[in-house]
Amino acid sequence: MIRRWRQSLALRITIVLALVLAISWCLATALGGWRTYRQLEGEAMQDLRQRVALLTRVDNDDFAEAEAGAWRLMHLWQSGAAEAFVSQISQRNTLRWAFNAQAAETADAAELLSRAAAAAEAFGAAGQGMIEDAFFYFPHAGAAFSTAPQAPAGFAQARAAALSRIFSQLTSDGPQVVWHGPVYEASIGRQLLSILVVSRDEQGHPLMLAGYELSVDGRLSRMAELLDGHAGLLLDAQGRLLADLSDHALDKLPASQAQALLGQLDRAAGFPQITRFDGIPAVVAHLPKPDWYLVATYPQAELRARALGLVLEQLPFALIGLICLSLALLLVLSRQLARPLAG
């Protein structure tokens, strides 16, 4: 009886100690898992920050180059350099022009638009990279284009109408460079981003436009691909959605969340910035020329899964250690309790 009581006491003490050790291990594991999660989050966000910084730097350089080209078109037209290209007007399928609906189709207007189309062909870079067309727009006549060779017949008329609408919305106190879009152009089945340089009189009233239109579908697809599975949104300066790069993973987020995100950014701190978007870790980068913001998120579920995986990798070793320690305690306690009870 004394022996069974001694063994029972040793077993009960061992169980208590084992439970204490198990609880301590669980608490230590939880704390370690949280530290691991925070460390993984920090490393993941820094990696995402570098990825987004590189992506937006390349895109911003391309947009800045396109804006410089639009400025060059306006400068060369205003300097009279286009006069030298009157004799080079041909019926090539890259030279197109369309009269405004409100303008009379006079010989002077036709001569102006044909000369502007030749100048756009000579000075512009239509068909190169993402440039869909180079254009000049005159409110009293119409629009002249140098387009990519594959542009359909109705393209010039559609874009002339779009430029007319944009011109009608310009104000005397507006900027000299206007970025408009991206807007879906049905005639070619692609989204176009317009870069417009506005010529103004002394009172600021707009006189004419010159610029480029960029096909951005390929660029947006490349952005989504380079985000490497991270959900992203492209926003304008007011927080309006320009493009969904998340494969609709962020569809449930209200528009007010995007506006609130841009409102809480420290514009003087530089970009990209690490922040939280509706509770989700996110990186926000700025493209200054179109004044766009790229928001890339890192899914918390993936971070939790990685942290849990690291904890589970240690679980077998911890269980083996706990069992061996418990058996060793049971053996030691059984022997230690035998001596006083035997005496």
Side-chain angles (χ1 to χ4, degrees), residues 62-168 170 175-181 185 187-188 192-201 205-215 289:
D62 291 343
F63 287 137
E65 184 178 348
E67 182 182 300
W71 273 108
R72 185 168 58 252
L73 281 176
M74 179 63 77
H75 172 73
L76 291 171
W77 179 266
Q78 292 179 331
S79 68
E83 298 296 335
F85 294 92
V86 175
S87 60
Q88 299 182 23
I89 298 175
S90 67
Q91 296 301 316
R92 286 178 294 174
N93 62 358
T94 56
L95 298 180
R96 305 170 188 270
W97 55 87
F99 294 96
N100 278 344
Q102 301 83 1
E105 298 183 14
T106 64
D108 289 342
E111 190 275 336
L112 172 65
L113 294 179
S114 61
R115 180 159 47 91
E121 177 80 7
F123 303 145
Q128 299 181 21
M130 58 180 174
I131 300 176
E132 191 69 32
D133 66 80
F135 66 85
F136 292 97
Y137 175 80
F138 309 92
H140 62 282
F145 302 90
S146 167
T147 69
Q150 68 274 17
F155 176 77
Q157 287 77 11
R159 296 317 302 161
L163 292 174
S164 177
R165 289 191 297 270
I166 296 172
F167 188 88
S168 66
L170 297 176
Q176 197 159 2
V177 177
V178 176
W179 295 78
H180 184 269
E185 174 51 57
S187 64
I188 58 174
L192 293 182
L193 172 65
S194 301
I195 310 172
L196 310 100
V197 177
V198 185
S199 175
R200 301 179 181 272
D201 61 18
H205 300 120
L207 299 176
M208 62 168 289
L209 305 174
Y212 285 143
E213 293 189 300
L214 313 180
S215 177
K289 287 301 177 182

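All values derive from a computational prediction rather than experimental measurement.
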[X] side chain near [Y] side chain, heavy-atom distance below 4.5 Å:
{"X": "L112", "Y": "F136", "value": "no"}
{"X": "L209", "Y": "L170", "value": "yes"}
{"X": "W71", "Y": "Q176", "value": "yes"}

Exercise. Keeping the roles fixed (side chain from R96, backbone from A117), state whether a donor-acceptor pair exists under 3.5 Å.
Key: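 No, the answer is negative, given that no donor and acceptor are paired below the 3.5 Å cut-off.
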Quiz item: Would a distance-only check, ignoring hydrogens and angles, find a side-chain to backbone donor-acceptor pair under 3.5 Å from W77 to A116?
Solution: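 Not confirmed, W77 side chain does not pair with A116 backbone.
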Quiz item: Measuring from K289:NZ to D62:CG, what's the distance to the nearest 0.5 Å?
Solution: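 Answer rounded to 0.5 Å: 13.5 Å.
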Practice problem: Only counting residues at least two apart or in another chain, list the ones meeting ring pair (Phe, Tyr, Trp, His ring centres under 6.0 Å) with F167. | Solution: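 Residues passing ring pair (Phe, Tyr, Trp, His ring centres under 6.0 Å) with F167: Y137.
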Exercise. Using a cut-off of 6.0 Å, state whether more than 12 heavy atoms not belonging to Q78 lie near its atom CD.
Key: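 Yes, CD of Q78 has more than 12 neighbouring heavy atoms, counting only those of other groups under 6.0 Å.
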Exercise. From the options L73, L196, T147, select the one residue that forms a side-chain contact (heavy atoms from CB on, under 4.5 Å) with F135.
Key: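 The single option meeting the side-chain contact (heavy atoms from CB on, under 4.5 Å) with F135 is L196.
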Quiz item: With sequence neighbours left out, which residue pairs that include part of residues 143-159 fulfil the salt bridge (Lys or Arg N to Asp or Glu O under 4.0 Å) condition?
Solution: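 The answer is R159-E185, R159-E213.
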Quiz prompt | Pairs touching residues 134-147 that satisfy salt bridge (Lys or Arg N to Asp or Glu O under 4.0 Å), sequence neighbours left out | solution =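 Sorted result for residues 134-147: empty, none.
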Exercise. Look at the rings of F138 and H140 and say which category their plane angle falls in: under 30° parallel, 30 to 60° tilted, over 60° perpendicular.
Key: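 Ring orientation of F138 relative to H140: perpendicular.
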